[in-house]
Amino acid sequence: MDGARKTVELFTDGACSGNPGPGGWGAILRYKGQEKELSGGDPATTNNRMELSADICGLEALKQPCDVTLYSDSKYLVDALTKGWAEGWQRRGWVKSDKQPALNPDLWQRLLELLKLHRVTLVWVKGHAGHPENERCDRLAVSEYEKLRGI
């Protein structure tokens with residue numbers, strides 16, 4: 001029943017100390033004014049992998065199919081999904097239109113599966129521009145990679 005779908009906001013960000021290097025991601029889920037913060041990291045990763053991980057983990061935390069407005073400062077993520085690039089890479093066996101291998105196919109595969117479950121509207125926000133939830137997600141992500149660096 002579509003009428004029973006919950007409407008959720010998901011704010012995400014990824015960060016890396018060096019690229020590649022130790023990285024972290026942060027996500028905030030908001031439903032009816034209640035918020036849940038999520039975060040994680042990887043000792044050897046890239047910024048783009050952390051951006052994708054934030055989105056994946058946020059969507060995976062939902063217990064049922066939802067209508068999700070996902071806010072991200074990652075043009076890589078937003079453009080790849082809204083312009084159909086990721087689906088094209090998948091159709092071509094994770095090869096880009098220029099015949100080069102698509103990066104992060106493991107994460108794109110997981111994300112595309114989640115997008116079949118949830119109805120997601122993507123909203124690009126300018127990073128480091130005072131967007132309160134984006135700034136909070138950035139702090140969560142940086143905190144995660146600082147833990148990995150022993151700071």
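Note that these values count all heavy atoms, side chains included, but never hydrogens, waters or copies made by symmetry.
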Heavy-atom pair with the smallest gap, counting every atom of [X] and [Y]:
{"X": "K96", "Y": "A102", "result": "CG-CA, 3.8 Å"}
{"X": "W85", "Y": "D79", "result": "CZ3-CB, 3.5 Å"}
{"X": "G26", "Y": "A54", "result": "O-CB, 3.6 Å"}
{"X": "M50", "Y": "G24", "result": "CB-O, 3.3 Å"}
{"X": "W94", "Y": "A86", "result": "CZ3-O, 3.9 Å"}
{"X": "G21", "Y": "C16", "result": "O-SG, 3.6 Å"}

Judged by atom type as modelled, is there a donor-acceptor pair below 3.5 Å linking the side chain of [X] to the main-chain atoms of [Y]?
{"X": "W25", "Y": "S39", "value": "no"}
{"X": "S143", "Y": "R139", "value": "no"}
{"X": "H118", "Y": "C66", "value": "yes"}
{"X": "N19", "Y": "N47", "value": "yes"}

L140 and L38: CA distance, side-chain angles, deciding distance, side-chain contact (heavy atoms from CB on, under 4.5 Å) verdict: CA-CA 8 Å; L140 289 168; L38 307 165; over 6 Å; no
Going only through I, L, V, M, F, W and Y residues with side-chain contacts under 4.5 Å, is there a path from [X] to [Y]?
{"X": "W89", "Y": "L81", "answer": "yes"}
{"X": "Y31", "Y": "I28", "answer": "no"}
{"X": "V68", "Y": "V125", "answer": "no"}
{"X": "V95", "Y": "L107", "answer": "no"}
{"X": "V120", "Y": "V123", "answer": "no"}

So [Y] and [X], do their side chains get closer than 4.5 Å, heavy atoms only?
{"X": "E87", "Y": "L112", "value": "yes"}
{"X": "L111", "Y": "L59", "value": "yes"}
{"X": "D67", "Y": "K6", "value": "no"}
{"X": "N48", "Y": "N104", "value": "yes"}

Hey, is CD on Q64 packed in by over 12 heavy atoms from elsewhere, all under 6.0 Å?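 Enclosed.
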Within 6.0 angstrom of K75 NZ, more than 12 heavy atoms from elsewhere: yes
Stepwise salt bridge (Lys or Arg N to Asp or Glu O under 4.0 Å) test for E146 and R149: CA-CA 5 Å; E146 286 179 343; R149 289 179 52 209; 5.7 Å; no
Reported [atom1]-to-[atom2] distance for the pair [X] and [Y], which is rounded to 0.5 angstrom:
{"X": "L29", "Y": "T12", "atom1": "CG", "atom2": "OG1", "value": "10.0 Å"}
{"X": "F11", "Y": "Y71", "atom1": "CZ", "atom2": "OH", "value": "5.0 Å"}
{"X": "D138", "Y": "H131", "atom1": "CG", "atom2": "NE2", "value": "13.0 Å"}
{"X": "L115", "Y": "I56", "atom1": "CG", "atom2": "CD1", "value": "9.5 Å"}
{"X": "L10", "Y": "E133", "atom1": "CG", "atom2": "CD", "value": "11.5 Å"}
{"X": "L148", "Y": "Y145", "atom1": "CG", "atom2": "OH", "value": "11.0 Å"}

One pair to check against side-chain contact (heavy atoms from CB on, under 4.5 Å): S72 and D13. What are the steps and the verdict? CA-CA 6 Å; S72 174; D13 197 21; over 6 Å; no
Is a side-chain donor-acceptor pair under 3.5 Å present for E51 with Y76? no
Check whether the side chains of T69 and E9 place a donor and an acceptor atom closer than 3.5 Å, and report yes or no. no
R110 with D55: basic N within carboxylate O range, under 4.0 Å: no
Is a salt bridge present between R136 and E35, judged by a nitrogen-to-oxygen distance below 4.0 Å? yes
Please assess R92 against S97 for the test side-chain contact (heavy atoms from CB on, under 4.5 Å), listing each intermediate value before the final yes or no. CA-CA 8 Å; R92 290 187 295 273; S97 59; 4.1 Å; yes
Worked check of side-chain contact (heavy atoms from CB on, under 4.5 Å) between L77 and L70: CA-CA 11 Å; L77 168 87; L70 192 161; 4.2 Å; yes
